[in-house]
Amino acid sequence: MGSAADISEIRQAIAEHKGCGTSGGRGKASCGSQAGRGDLPTAIWEKVKNHPCYSEEAHHHYARMHVAVAPACNIQCNYCNRKYDCANESRPGVVSEKLTPEQAAKKMLAVASTIPQMTVLGIAGPGDPLANPEKTFKTFELVAKAAPDIKLCLSTNGLVLPDHVDTIAGLNIGHVTITINMIDPQIGAKIYPWIFFSHKRYTGLEAAKILGDRQLQGLEMLTERGILCKINSVMIPGINDQHLVEVNKAVKLRGAFLHNIMPLISAPQHGTVFGLKGQRGPTAQELKALQDACEGKMNMMRHCRQCRADAVGLLGEDRSAEFTTEKIMAMNVKYDLKTRKAYQAKVEEERVAKVAAKQDQLADLAGEMSDINLLVAVATKGSGLINEHFGHAKEFQVYELSKSGAKFVGHRRADRYCQGGYGEEGSLTMIIHAINDCHAVFVAKIGGCPKSDLIKAGIEPVDQYAHEFIEKSAIAWFKSYLEKVQSGEIPHVERGGEGIRQGALVSAA
Ligand code: CLF
Ligand code: SF4
């Protein structure tokens, strides 16, 4: 737990400004800008600067890992099938390898010594971490002892959170995510068929009321102690989509730092109540509209990858297969803090260079009056660079460009087009569908066939900025686009997209 001065600094800073979850363009000197620290107080900056979920900018550079030590759960969500990981922070249909706390600590050391930019250990399932308090807290204890530089992060449905706040603070767990999908029990009853609380099973409105009250109480107790809280909400069209604006206000009022509205991913094969009923998830456009509507009230996370309970690596990449229990038990691990720090110092230099490049480019947009606002997609492997081939990309990051600069607004998953020597036509159609509200796609390299299909679909393939910084390049391209429009060389055409359903394009990986 931080000092009293730190706690009051954190609470005041959260109340006063928009924090680090967003990525802004020109003029946002706060942590919301990708310029890094901005006006963030030291206590918060220290917590977010290298946490890939709490800072959009950090997620290009720093990795997290999850350890799946918590199998049990104390509630039932209609978007969850217990055969799989907790869907509050995972993609449905994924099963993680369960670990003991000792195995988890060994795995953390193995990952930290292999991936020096891994800075956060999270426990997010496969059930609810606080429904498994002994295993969860024992793991955090072992990790803190073995690697004091690693940030500890916990994700919970919040039902028993108030009972564990003191332990969380005592163990120096600095980041807690609570999944809050409603503050109205009438809505909650449509999402949660039952909870198990104080040795008793509750259903219907009563269950939803207990859960909602406990979640908000837990949030208040955490923020009072200076612990940074993120709220996850699953957007379920027709059930809680409009209501999430009210949830957003309620959690902001109670000191939440960041709100992550995630799309419901439901498919009949996941065997969930919603999947079997045919409940659809939101389109990318619906999700963005809701995030935009909430952003005025607090900072929104838009870079969540709904990762699995044993995820390892940068958000969006999955290196869990390199660290199976069998492999880590056979590894000779040496935790070298000095090497990790040296590597991270290099990462920081890279971040500073990236920010400087973007600032230079932004200066070129100064005085720009155009109200044109458009989206572009980017193929990237990380580090904030355009460094992925079109054919190898399994997701595209989406940036909104306007006279204020380049702002990260989400990502679109896709099946990879290149299948080792040949291009998969079905994948190409899906990729074009996934990014059809974008004016351009930035890639490190692209072949002739996909290039011409993209052009036919009205999406400009851009490979001239290969291996350069994303935002700087996007701003440069946007400037030249505006010049062409203003000179009459090309018309500006609005691209609305056709309503891609989030999750519909999830690859099997
Ligand atoms: Fe893990 Fe969650 Fe901590 Fe991040 S994930 S426990 S806050 S370290 Fe991040 Fe993954 Fe989204 Fe979670 S991208 S699912 S928000
Ligand atoms: Fe499933 Fe997680 Fe909900 Fe529990 S809290 S029912 S594991 S989604």
Side-chain angles (χ1 to χ4, degrees), residues 21 47-48 50-56 58-59 62-96 108 118-132 136 140 150-161 173-181 188 191-196 207 211 215 228-234 257-266 270-274 300-318 395 410-411:
K47 282 174 180 276
V48 303
N50 60 3
H51 193 308
C53 303
Y54 281 69
S55 159
E56 189 280 316
H59 101 277
Y62 290 102
R64 53 74 187 102
M65 69 176 290
H66 287 166
V67 284
V69 294
C73 191
N74 45 13
I75 69 173
Q76 180 63 56
C77 306
N78 276 336
Y79 47 74
C80 175
N81 175 351
R82 287 295 173 64
K83 274 201 323 218
Y84 305 121
D85 286 359
C86 173
N88 281 331
E89 277 225 326
S90 300
R91 228 170 290 152
V94 166
V95 188
S96 296
M108 178 280 301
M118 192 281 287
T119 48
V120 177
L121 177 116
I123 302 185
D128 182 68
L130 295 182
N132 305 260
T136 295
F140 280 131
I150 297 284
K151 289 186 161 64
L152 306 179
C153 193
L154 170 76
S155 174
T156 175
N157 63 38
L159 180 62
V160 292
L161 178 59
I173 297 167
H175 301 78
V176 176
T177 295
I178 315 168
T179 299
I180 303 183
N181 294 319
I191 304 172
Y192 306 103
W194 58 259
I195 64 166
F196 192 79
L211 180 62
Q215 289 171 333
L228 274 201
C229 292
K230 170 165 77 62
I231 304 305
N232 279 3
S233 299
V234 180
F257 180 69
L258 193 58
H259 193 184
N260 172 24
I261 299 183
M262 312 182 294
L264 171 76
I265 300 174
S266 66
H270 297 148
T272 64
V273 170
F274 283 152
M300 304 300 295
M301 176 180 187
R302 297 175 189 251
H303 58 284
C304 174
R305 300 301 199 280
Q306 291 169 280
C307 27
R308 44 192 289 165
D310 61 359
V312 174
L314 292 171
L315 305 189
E317 76 174 359
D318 183 10
E395 69 164 37
H411 66 279

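Whatever order the structure lists them in is the order used to number ligands and atoms, beginning at 1.
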When the aromatic ring centroids of H411 and H303 are compared, is their separation below 6.0 Å? no

Looking at atom 1 (Fe) of ligand 1, is there an N, O or S atom belonging to H66 that lies under 2.8 Å away from it? yes

With heavy-atom distances below 4.0 Å as the criterion, list the atoms of ligand 2 near [X].
| X | result |
| --- | --- |
| C80 | 1 (Fe), 6 (S), 7 (S), 8 (S) |
| C73 | 4 (Fe), 5 (S), 6 (S), 7 (S) |
| N157 | 5 (S) |
| C77 | 3 (Fe), 5 (S), 6 (S), 8 (S) |

Show the numbers, then the answer: is there a side-chain contact (heavy atoms from CB on, under 4.5 Å) between M118 and R64? CA-CA 5 Å; M118 192 281 287; R64 53 74 187 102; 5.8 Å; no

When you measure from the heavy atoms of M301 to every atom of ligand 1, does any distance fall below 4.0 Å? yes

Work out whether the distance between some heavy atom of H175 and some atom of ligand 1 is less than 4.0 Å. no

Number the atoms of ligand 1 from 1 as they appear, then name those within less than 4.0 Å of a heavy atom of [X], with their elements.
| X | answer |
| --- | --- |
| C153 | 3 (Fe), 6 (S), 7 (S), 8 (S) |
| K230 | 7 (S), 15 (S) |
| L315 | 13 (S) |
| C304 | 11 (Fe), 13 (S), 14 (S), 15 (S) |
| R305 | 11 (Fe), 13 (S) |
| T177 | 7 (S) |

What do you reckon, does I75 put a non-hydrogen atom under 4.0 Å from ligand 2? yes

Would R305 and E317 pass as an ion pair if we require N to O under 4.0 Å? no

Does the pair C77 and Y192 meet the rule for a side-chain contact (heavy atoms from CB on, under 4.5 Å), with working shown? CA-CA 5 Å; C77 306; Y192 306 103; 3.6 Å; yes

H303 and ligand 1 - part of the residue with a heavy-atom distance under 4.0 Å: neither

Any N/O/S atom, backbone or side chain, of C53 lying under 2.8 Å from atom 4 (Fe) of ligand 1? yes

Just how far is it from atom OG of S55 to atom CG of N50, taken to the nearest 0.5 Å? 9.0 Å

Is it true that S233 and H259 share a donor-acceptor pair across their side chains at a distance under 3.5 Å? yes

How are the rings of Y54 and H175 set relative to one another: parallel (under 30°), tilted (30 to 60°) or perpendicular (over 60°)? perpendicular

Considering A309, C307, A311, which one's heavy-atom position lies nearest to atom 10 (Fe) of ligand 1? C307

